[in-house]
2 protein chains.
Amino acid sequence: MDSFPEIAKNSETIIRMPTVRRLPRYLRLLIELKSEGKDFVSSEKIAQALDLKPIVVRKDLAFTGNCGKPRLGYSIEHLIISIENVINFRGKDTAFLAGVGNLGSALLGYKGFEKYGLNIAAAFDLDKEKVNKTVHNKDVYPLEMLPVLAARLHPYIGILCVPEESAQEVVEKMVSCGIKGIWNFSNKELKVPADVVLQNEDLAAGLAVLSISIDKKSKAPVQ
Amino acid sequence: MDSFPEIAKNSETIIRMPTVRRLPRYLRLLIELKSEGKDFVSSEKIAQALDLKPIVVRKDLAFTGNCGKPRLGYSIEHLIISIENVINFRGKDTAFLAGVGNLGSALLGYKGFEKYGLNIAAAFDLDKEKVNKTVHNKDVYPLEMLPVLAARLHPYIGILCVPEESAQEVVEKMVSCGIKGIWNFSNKELKVPADVVLQNEDLAAGLAVLSISIDKKSKAPVQ
DNA sequence: TATATATCGATATTTTAGTATCGAAAAATA
DNA sequence: TATTTTTCGATACTAAAATATCGATATATA
Ligand SMILES: NC(=O)c1ccc[n+]([C@@H]2O[C@H](COP(=O)([O-])OP(=O)(O)OC[C@H]3O[C@@H](n4cnc5c(N)ncnc54)[C@H](O)[C@@H]3O)[C@@H](O)[C@H]2O)c1
Ligand SMILES: NC(=O)c1ccc[n+]([C@@H]2O[C@H](COP(=O)([O-])OP(=O)(O)OC[C@H]3O[C@@H](n4cnc5c(N)ncnc54)[C@H](O)[C@@H]3O)[C@@H](O)[C@H]2O)c1
């Protein structure tokens with residue numbers, strides 16, 4: 001692929017998805033440590049807190065462009081900044097949410113997202129009972145207003161909490177408004193154009209893992 | 001480990017987690033196909049529907065103990081049964097839910113879980129306003145009732161939707177009642193005994209993946 | 001009945017993720 | 001200032017997951 005493979009070898013340019021998925025956990029811990037007045041933390045300490053191996057922590061943090069100091073560990077301040085940079089948690093990801101039902105309302109009310117830089121700028125629903133009100137201080141608009149508000153607010157991310165039946169049509173509306181990433185909480189397998197990212201959040205997957213892990217553990221002789 | 005390693009070689013006994021996470025997706029598709037009156041489906045067709053490679057599908061399905069027929073594919077009926085068996089989606093996983101707030105209420109109202117065999121038998125909260133009522137037809141009890149009801153209902157799974165601050169103490173209550181698996185929706189890093197399974201559902205992980213994937217795609221020259 | 005063909009599944013290979021080892025470096029201590 | 005100690009990070013290694021190849025086989029068709 002590369003004509004000088006030896007050059008790129010050490011630089012660890014391409015971040016790996018398992019690493020990305022752990023970054024929010026590091027971030028939460030680091031923010032906590034900072035609030036306790038700590039300045040440095042070792043990979044060993046982080047690993048203990050998050051139930052990981054120190055070597056995993058060091059490799060992950062290497063991706064963020066940080067370097068630790070021998071005998072001290074990593075600068076908490078620097079780590080926070082670089083992790084926030086890597087995952088774009090910079091308060092700039094404007095999002096639209098569609099489907100203000102049970103799950104959609106819960107997400108609208110979740111303060112945690114603001115911490116991660118996700119700004120749900122507007123919500124949309126079909127139900128006449130739900131629109132033109134606010135839910136957890138977020139405005140809920142009729143679905144047909146989506147293009148108008150998109151033109152004004154330029155959302156990057158679309159959060160999908162509508163029933164399976166309407167998921168595909170709502171996604172198409174979002175995509176045609178220039179949304180670049182779909183966070184799909186419905187369990188519908190969606191089709192999106194090649195330049196749009198689709199992130200499926202499948203709760204059943206986690207439940208399946210839990211269920212099988214319980215089985216495994218109960219059968220395991222000694223572990 | 002085994003004295004005759006060559007015997008076990010082909011049998012694919014240990015199911016892999018990426019496979020487990022995909023099983024609910026297969027199941028949903030297969031149920032849909034069955035409702036359309038179909039009897040057989042090929043790995044190619046499944047792969048198209050779920051945006052996977054056919055070879056991944058065949059390897060995954062091999063774990064469930066199924067075998068396909070050349071030129072026909074897999075029996076949809078058989079696949080459904082064996083996948084449900086593998087992931088324990090048999091309507092027997094009794095669960096307790098703690099924290100009937102925004103997220104907890106949404107989960108209580110989610111009909112999908114019944115389809116996956118998860119039966120939320122009771123919910124618990126501290127808030128006097130919330131207890132001794134029903135939410136989405138599920139009874140909500142005061143937290144101190146947990147041991148009493150556990151003795152009667154024998155829950156396997158504890159679903160945790162309480163604020164971070166109280167997550168550890170609630171988990172300990174659940175564990176002491178014999179719960180074998182914790183489905184943790186709070187972002188608290190919990191400590192559980194070695195014989196208890198902890199499944200963390202970290203929405204921020206999915207958001208981080210989405211955010212980075214959008215970045216990558218926008219920078220990618222041609223894909 | 002014989003042949004063609006679609007599809008599986010065994011085996012091998014490649015890629016990705018995780019783990020082990022150990023020398024280097026910087027801070028703490030003597 | 002010299003020595004000790006802790007912790008990083010480069011390198012090498014192992015394990016897990018995904019992908020490629022291709023012969024076997026059962027069905028459909030001639
Ligand atoms: N509730 C959960 O815990 C949960 C868990 C996992 C997945 N999900 C999935 O999330 C989605 C929503 O679940 P829910 O429990 O919130 O359902 P819900 O019925 O409570 O909410 C759906 C909302 O979408 C609105 N809606 C319907 N069609 C629409 C359209 N075309 N455009 C805009 N809004 C529309 C409805 O008016 C309603 O307000 C479903 O696909 C469900 O499978 C929910
Ligand atoms: N809302 C979301 O979309 C969302 C998303 C991701 C994660 N979470 C996490 O899920 C948890 C709940 O979030 P939420 O938005 O539903 O919060 P919430 O405040 O709406 O609900 C919390 C509920 O827990 C109850 N509670 C508090 N202490 C308790 C205890 N000791 N025992 C039993 N019940 C107790 C409260 O009375 C309240 O009803 C939080 O940890 C949050 O970080 C929420």
Side-chain angles (χ1 to χ4, degrees), chain A residues 1-2 5-23 25-26 38-76 78-79 82 205 209 212-213 216, chain B residues 1-2 5-23 25-26 38-76 78-79 82 205 209 212-213 216:
Chain A
M1 203 177 184
D2 200 302
E6 60 281 359
I7 291 173
K9 233 172 201 169
N10 290 347
S11 53
E12 302 279 26
T13 47
I14 298 153
I15 196 160
R16 297 184 295 201
M17 283 310 142
T19 296
V20 173
R21 300 189 64 85
R22 285 188 290 266
L23 290 181
R25 299 178 64 197
Y26 296 126
K38 305 233 172 70
D39 289 323
F40 284 84
V41 65
S42 69
S43 60
E44 178 70 41
K45 275 277 163 59
I46 295 176
Q48 268 168 22
L50 304 186
D51 198 22
L52 300 169
K53 308 252 165 107
I55 183 80
V56 173
V57 175
R58 286 204 296 276
K59 277 207 141 190
D60 285 347
L61 297 185
F63 278 113
T64 70
N66 257 270
C67 50
K69 286 191 184 179
R71 219 186 149 106
L72 278 182
Y74 298 85
S75 155
I76 291 172
H78 288 171
L79 272 187
S82 50
V209 170
I212 284 194
S213 304
K216 260 194 188 168
Chain B
M1 204 179 184
D2 201 300
E6 59 280 359
I7 290 174
K9 229 172 204 173
N10 290 347
S11 54
E12 302 279 25
T13 49
I14 298 153
I15 195 158
R16 295 183 297 202
M17 283 310 141
T19 296
V20 173
R21 299 189 65 86
R22 284 187 291 265
L23 290 180
R25 300 177 64 197
Y26 296 128
K38 304 233 172 71
D39 289 324
F40 284 84
V41 65
S42 69
S43 60
E44 176 71 41
K45 277 275 162 60
I46 296 176
Q48 270 167 23
L50 304 185
D51 199 21
L52 300 169
K53 307 253 166 109
I55 182 79
V56 173
V57 175
R58 286 204 296 278
K59 276 211 141 189
D60 285 347
L61 296 185
F63 278 113
T64 70
N66 257 270
C67 50
K69 288 189 183 180
R71 223 187 146 108
L72 278 182
Y74 299 85
S75 154
I76 290 172
H78 288 171
L79 272 188
S82 51
V209 170
I212 285 194
S213 303
K216 260 194 189 170

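The shown structure was predicted, so the numbers you read here are calculated from the model rather than taken from an experiment. Lettering of chains follows the sequences in order, A, B, ..., and the numbering in each one begins at 1.
- A/S43 has no side-chain polar atom (N or O) that falls below the 4.0 Å cut-off from OP1 or OP2 of D/dT7.
- Here C/dA26 presents its P atom at 11 Å from CG of A/L72, a figure rounded to the nearest Å.
- Per the geometry, CZ belonging to B/R58 stands 14 Å off P belonging to C/dA6, to the nearest Å.
- Here the closest heavy-atom approach between residue B/P54 and residue B/S43 is recorded as O-CB, 3.8 Å.
- When heavy atoms are screened at a 4.0 angstrom cut-off, A/R21 is found touching no nucleic acid atom at all.
- Listed candidates were C/dA17, D/dA18, C/dT21. Nearest to the side chain of A/I55 is C/dT21.
- Rounded to the nearest 0.5 Å, atoms OG1 (A/T19) and CE (A/M17) are 9.5 Å apart.
- Regarding B/D60, its CG atom lies at a distance of 13 Å from the P atom of C/dC8, rounded to whole Å.
- Rounded to whole angstrom, the span from the CG atom of B/L50 across to the P atom of D/dA18 amounts to 14 Å.
- Side chain of B/P70, nearest nucleotide from C/dG18, D/dT25, D/dC8: D/dT25.
- Minimum interatomic distance between B/Y26 and B/L50 (heavy atoms only, all atoms of both residues): CD2-CD1, 3.5 Å.
- The heavy-atom pair separating B/R21 from A/V209 by the smallest distance is CG-CG2, 3.7 Å.
- A/Y74 has a side-chain polar atom (N or O) that falls below the 4.0 Å cut-off from OP1 or OP2 of D/dG9.
- Residue B/R16 has its side chain nearest to D/dA17 when only D/dT19, D/dA17, D/dG9 are considered.
- Using a 4.0 Å heavy-atom distance criterion, B/T19 is classed as making no nucleic acid contact.
- Atom CZ in B/F40 sits roughly 18 Å away from atom P in C/dA6 (whole-Å rounding).
- For B/P18, whose side chain is taken as the heavy atoms from C-beta onward, the closest listed nucleotide among C/dG18, D/dA17, C/dT7 is D/dA17.
- Distances from the side chain of A/S42 to the nucleotides D/dT7, D/dT19, C/dT7 place D/dT7 closest.
- Atom NZ of A/K59 and atom P of D/dT14 are 15 Å apart (whole Å).
- Nucleotide D/dA15 holds its P atom 18 Å from the CE atom of B/M17, rounded to whole Å.
- In this model, the phosphate group of C/dT19 is approached by a side-chain N or O of A/K53 to a distance below 4.0 Å at OP1 or OP2.
- Regarding A/E44, its CD atom lies at a distance of 12 Å from the P atom of D/dT6, rounded to whole Å.
- With hydrogens and angles ignored, a donor-acceptor pair under 3.5 angstrom links the side chain of B/R71 to the base of C/dT5.
- With B/R22 contributing its side chain and B/D60 its backbone, the two residues share no donor-acceptor pair below 3.5 Å.
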